[in-house]
Each structure stands twice: as C-alpha cells, then as structure tokens.
Chemist: 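Sharing a structure below in structure tokens format, with a few things to ask.
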Amino acid sequence: MNKIFLWIVLAVIILGLLLILLNTRMGQSGDAPVPADNSVSAPVKPAPPVAQPPLPVTPDTPADGEKLAAAGVKPSPAAVERGFAFETGEETPATAESPAPASPGTTPLTAAAHDEKAPAAAPAAPAAPAEVKKAEKPAPKPQPAPKNQTITNFVVFVRDGGATIRLDASSPIRFKHLELTSPSRVVVDLHGTWKLSEPGVPKGEMVKDVRLGKKGSDTRIVIDLHAKAKTRYILTKGKKRLDIRLDKTK
C-alpha cells in the first residue's frame, strides 16, 4: 500500500510540473509587446528649378537681329562670324586676324632659320676604290744559252755497286733528265749547244754505253744501262760540274 501511494504522489507532482511549464509558455507567447512604429518620414521638398541660359540664336537678316536684340537674346558665335551686331542690326564686315607683332627681343623665323635647325645631310659615303688588279708577273723567258759552251771533261768512273758520269763545263750547266725502261737508260738534255765528245766507257756492271745527240736546240746525252739503277744528280763548282751517280737497286 505504501508503494502505491508513493507512486500516485509522484505522478501528481510530475503532472503539476507539466501544467506549470505549459502555462508559462502560453503566457509568454500571448504577452509579447508589439513594437510601435515611431519612424515618421520627413516631407521631401521639391528641388528648385535650374534656370538654363537661353540658347544663342543665329538671325537670318539684320531685321531679325534687331528683334532678337530687343528681346535680350545674345547672338550665337555663327551670328558673330557673319558680322551681325544686335545693337545696330547692321552687318559688319569680318576683319581678318592680324598677326601679333613680334617682340623686340625675338627675330622672325625664316626659311633660313629652318635650314639652320634642320640636321645636316649625312655626307655621301666615299665610293669604294676599284679593286686594283695585281699585275700578273709575266713568266720569265728562258735566257738564251751562251755561245761557245764546251764540256771540257767527260768521264765515266766505275765503282763497286755502280758508276759515276762526270761533266766539267766552261759555263753553268742547265739540264733536264729522264729515266726510261725497256731497255733501262738515263737521258740528260743540256740546255743549248755544247761542244763535247763521247767518253770512253770502261767495262762494268752498270754502264753499257754513252751516246750523244740533239733534242731541238739542246744537246742530249743517253746513258745505256745493264739494269735499272737509282740515279742522283749533283751540281758543284758553281754549277759547272755535274755528277750523275748510278747505284744498284736492292
């Protein structure tokens, strides 16, 4: 019994609390004050009208100009250019603007002054010098051979492994040479005409024979060989001695 009584008391207390909360919420929603609208719009004053200046009028005739002047209308720039004066109504000729007089300290700018200020024209570039062709040196002409040229000594020396042909001359020797095969031989052309005689050829294993002849205006010497040889040409004594050395080839 005690438990049932306690539960009933507790339920009554809870129900009472719920009722109190409900009444509190309903009272707050019903008592909310309505805000008063105290803002009052100020009356708007109209803006005063802005006075616009009268538009300039261009009269067509002097009579119209007098009427406009009496009405207090100012002439337009076009009317002034045309020469209307509203005070008289007469058309006055437009005067040309006279140039302002120059101050005493200044001088008028003339064409000469423009010329002085204008930059000087760049001097014309000098013409490129014509290429001077180098004079080609003419080919040296062969000097004529001196007259009375003589081979004073013409000898064949035999040595081991070869031979030497010696020519002593009365003037410097100029020559050309050529080695030929089948059969083996050496050809020497002395420049010009020479007085000489065939030398004696000793027996040896290199030189077979020596022959003389002509090749145009030159004197030719032909040396016949037993076999191919290594040849050297040596000029000494102021080119007045020519040694032709012939050596066996290995």
Chemist: Closest approach of S197 and F154, non-hydrogen atoms and distance?
Modeler: O-CD2, 3.4 Å
Chemist: If Ile, Leu, Val, Met, Phe, Trp and Tyr residues are connected whenever their side-chain heavy atoms lie under 4.5 Å apart, and connections chain through other members, are W7 and L18 in the same group?
Modeler: yes
Chemist: State, to 0.1 Å, how close V207 and A163 come at their nearest heavy-atom pair, and which atoms those are.
Modeler: CG2-CB, 3.7 Å
Chemist: Do D247 and R159 make a side-chain contact, defined as non-hydrogen atoms from C-beta onward lying under 4.5 Å apart?
Modeler: yes
Chemist: Hey, what do you get for CG (L21) to CE (M26), rounding to the nearest 0.5 Å?
Modeler: 13.0 Å
Chemist: State which residue, out of R185, K208, R211, fulfils the side-chain hydrogen bond (donor to acceptor under 3.5 Å, both in side chains) condition with D224.
Modeler: R211
Chemist: Taking the basic N atoms (NZ, or NE/NH1/NH2) and the acidic carboxylate oxygens, is any pair closer than 4.0 Å for D168 and R241?
Modeler: yes
Chemist: Nearest 0.5 angstrom please: T164 OG1 to M206 CE, how far?
Modeler: 10.0 Å
Chemist: Rounded at 0.5 Å granularity, tell me how far CD in E205 sits from CG in L225.
Modeler: 12.0 Å
Chemist: Kindly give the heavy-atom pair with the smallest separation between A229 and L246, and that separation in Å.
Modeler: CB-CB, 4.4 Å
Chemist: Counting only N and O atoms by type, is there a donor-acceptor contact under 3.5 Å from the side chain of T219 to the main-chain atoms of G192?
Modeler: yes
Chemist: Looking only at heavy atoms, what is the nearest atom pair of S170 and N148, with distance?
Modeler: OG-O, 4.0 Å
Chemist: Going through the distances and angles, do K176 and D189 end up as a salt bridge (Lys or Arg N to Asp or Glu O under 4.0 Å)?
Modeler: CA-CA 5 Å; K176 296 178 182 178; D189 291 332; over 6 Å; no
Chemist: Walk me through it: do I13 and L15 pass the test side-chain contact (heavy atoms from CB on, under 4.5 Å)?
Modeler: CA-CA 5 Å; I13 292 171; L15 183 58; over 6 Å; no
Chemist: Salt bridge or not for K228 and E179, using N-O below 4.0 Å?
Modeler: no
Chemist: Assert yes or no for the condition that the ring centre distance of H177 to Y233 is strictly below 6.0 Å.
Modeler: yes
Chemist: If you measure from CD1 on I223 to CG on L180, what distance do you get to the nearest 0.5 Å?
Modeler: 11.5 Å
Chemist: Should the pair K248-D160 be classified as a salt bridge under the 4.0 Å nitrogen-to-oxygen rule?
Modeler: no
Chemist: Stepwise, does the side-chain contact (heavy atoms from CB on, under 4.5 Å) test hold for V156 with V210?
Modeler: CA-CA 9 Å; V156 177; V210 176; 4.2 Å; yes
Chemist: Following the transitive rule for hydrophobic clusters with a side-chain heavy-atom cut-off under 4.5 Å over Ile, Leu, Val, Met, Phe, Trp and Tyr, establish whether V201 and I221 coincide in one cluster.
Modeler: yes
Chemist: For the residue pair T231 and R245, confirm or rule out a side-chain donor-acceptor distance under 3.5 Å.
Modeler: no
Chemist: Applying the 4.5 Å side-chain criterion to the ILVMFWY set and letting contacts propagate, would W194 and V187 be lumped into a single cluster?
Modeler: no
Chemist: Write down the atom of G204, the atom of V158, and the distance for their closest heavy-atom approach.
Modeler: CA-CG1, 4.2 Å
Chemist: When you look at T152 and L167, which way does the side-chain contact (heavy atoms from CB on, under 4.5 Å) test go after all the steps?
Modeler: CA-CA 8 Å; T152 58; L167 292 88; over 6 Å; no
Chemist: Are there over 12 heavy-atom neighbours, none belonging to K203, within less than 6.0 Å of that residue's NZ?
Modeler: no
Chemist: Work out which heavy atom in I173 is nearest to a heavy atom in L235; give both atom names and the distance.
Modeler: O-CD1, 4.2 Å
Chemist: Is there a path of hydrophobic side-chain contacts, each under 4.5 Å between heavy atoms, that joins V222 and F175?
Modeler: no
Chemist: Which value, rounded to the nearest 0.5 Å, describes the distance between L242 atom CG and I151 atom CD1?
Modeler: 8.5 Å
Chemist: Can we say R166 and D243 salt-bridge, meaning some charged N sits less than 4.0 Å from an Asp/Glu carboxylate O?
Modeler: yes
Chemist: If you round to the nearest 0.5 Å, how far is NE2 of H191 from CZ of R174?
Modeler: 4.0 Å
Chemist: Walk me through whether V188 and L190 qualify under side-chain contact (heavy atoms from CB on, under 4.5 Å).
Modeler: CA-CA 6 Å; V188 178; L190 302 178; 4.1 Å; yes
